[in-house]
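So the structure is just underneath, and the comments pick up after that.
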Amino acid sequence: QVQLVESGGGLVQAGGSLRLSCAASERTFGRYAMGWFRQAPGKEREFVALISRSEGNTYYADSVKGRFTISRDNAKNALYLQMNSLKPEDTAVYYCAARGAAWSTKTYDYDYWGQGIQVTVSS
């Protein structure tokens with residue numbers, strides 16, 4: 001199965017930036033649609049951003065549009081999430097996920113998940 005490991009989280013002041021990375025142990029990484037999700041305490045896991053296979057089309061949740069950028073490097077089996085202009089409401093555990101099919105914004109459509117990484121934004 002595909003193993004995913006997130007890194008790059010931490011504590012940041014409101015208005016600051018963080019870059020999350022996700023390393024995948026899969027030589028055919030380019031065959032997978034990839035997504036970022038997050039879950040705040042007491043809330044359901046929600047979609048943040050996705051990037052498709054092939055052309056690498058992207059799609060974002062309205063809450064992060066214009067502030068976050070998702071990208072991938074298939075040669076390095078890596079997924080990234082650049083987060084700018086962070087807000088306290090962005091505080092959550094962030095997860096990368098892989099789907100061996102076309103992209104989806106639905107949590108239940110993804111086949112593989114990382115362990116998650118904490119992002120905390122203070123005001």
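- Side-chain heavy atoms closer than 4.5 Å link hydrophobic residues (I, L, V, M, F, W, Y) into clusters, and following such links, possibly through other members, connects Trp36 to Ile51.
- No more than 12 heavy atoms of other residues, nucleotides or ligands sit less than 6.0 Å from atom CD of Gln115.
- Residue Leu50 holds its CG atom at 8.5 Å from OH of Tyr59, rounded to the nearest 0.5 Å.
- When all heavy atoms are compared, the tightest approach of Asn84 to Ser17 is OD1-OG, 2.9 Å.
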Please tabulate, for side-chain N and O atoms in residues 105-113, each donor-acceptor pair with protein atoms closer than 3.5 Å (sequence neighbours left out).
unit_1: Asp109; atom_1: OD2; unit_2: Ser104; atom_2: OG; d: 2.7
unit_1: Tyr110; atom_1: OH; unit_2: Ser104; atom_2: O; d: 2.5
unit_1: Asp111; atom_1: OD2; unit_2: Gly100; atom_2: N; d: 3.0

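- The aromatic rings of Tyr94 and Phe68 sit tilted, their planes meeting at an angle between 30° and 60°.
- Hydrophobic cluster membership is shared by Leu4 and Leu20, with clusters built from Ile, Leu, Val, Met, Phe, Trp and Tyr side chains linked at under 4.5 angstrom.
- More than 12 heavy atoms of other residues, nucleotides or ligands sit less than 6.0 Å from atom CD of Glu89.
- Both Val2 and Phe29 belong to a single network of hydrophobic side chains, linked directly or stepwise wherever heavy atoms of I, L, V, M, F, W or Y lie under 4.5 Å apart.
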Give the intermediate values and the outcome of side chain to side chain contact (heavy atoms under 4.5 Å, CB included) for residues Tyr95 and Glu6.
CA-CA 7 Å; Tyr95 300 86; Glu6 301 96 338; 4.0 Å; yes
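- Between atom SG of residue Cys22 and atom CG of residue Leu81 there is a gap of 10.5 Å, rounded to the nearest 0.5 Å.
- In this structure, Ser52 contributes its side chain and Ala33 its backbone to no donor-acceptor pair below 3.5 Å.
- Counting non-hydrogen atoms of neighbouring residues, nucleotides and ligands closer than 6.0 angstrom, the CD atom of Gln3 reaches no more than 12 such neighbours.
- Among all heavy-atom pairs drawn from Thr58 and Tyr60, the shortest one is OG1-CE1, 3.7 Å.
- In this structure, Leu18 is a member of the same hydrophobic cluster as Val121, with clusters built from ILVMFWY side-chain heavy atoms closer than 4.5 Å.
- Side-chain contact check for Thr120 versus Val12: every heavy-atom pair is 4.5 Å or farther apart.
- When hydrophobic clusters are built by joining Ile, Leu, Val, Met, Phe, Trp and Tyr residues whose side-chain heavy atoms come closer than 4.5 Å, directly or via intermediates, Leu86 is grouped together with Ile117.
- Annotation for Gln13 and Ser122: closest pair NE2-OG, 3.1 Å, computed over non-hydrogen atoms.
- Between Ala98 and Met34, the shortest heavy-atom distance links the atoms CB-SD, 3.4 Å.
- In this structure, Arg72 forms no cation-pi arrangement with Tyr80, as its terminal cationic atom is not both closer than 6.0 Å to the ring centre and no more than 45° off the ring axis.
- For the pair Asp90 and Lys87, the salt-bridge criterion is not met [side-chain N within less than 4.0 Å of a carboxylate O].
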Just do the side chain to side chain contact (heavy atoms under 4.5 Å, CB included) check on Val119 and Arg38 with the steps written out, would you?
CA-CA 9 Å; Val119 171; Arg38 67 187 182 186; over 6 Å; no
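- Using modelled atom types, one side-chain atom of Arg99 and one backbone atom of Ala102 make a donor-acceptor pair closer than 3.5 Å.
- Shown here for Ala14 and Pro88, the closest heavy-atom pair between the two residues is CB-CD, 4.2 Å.
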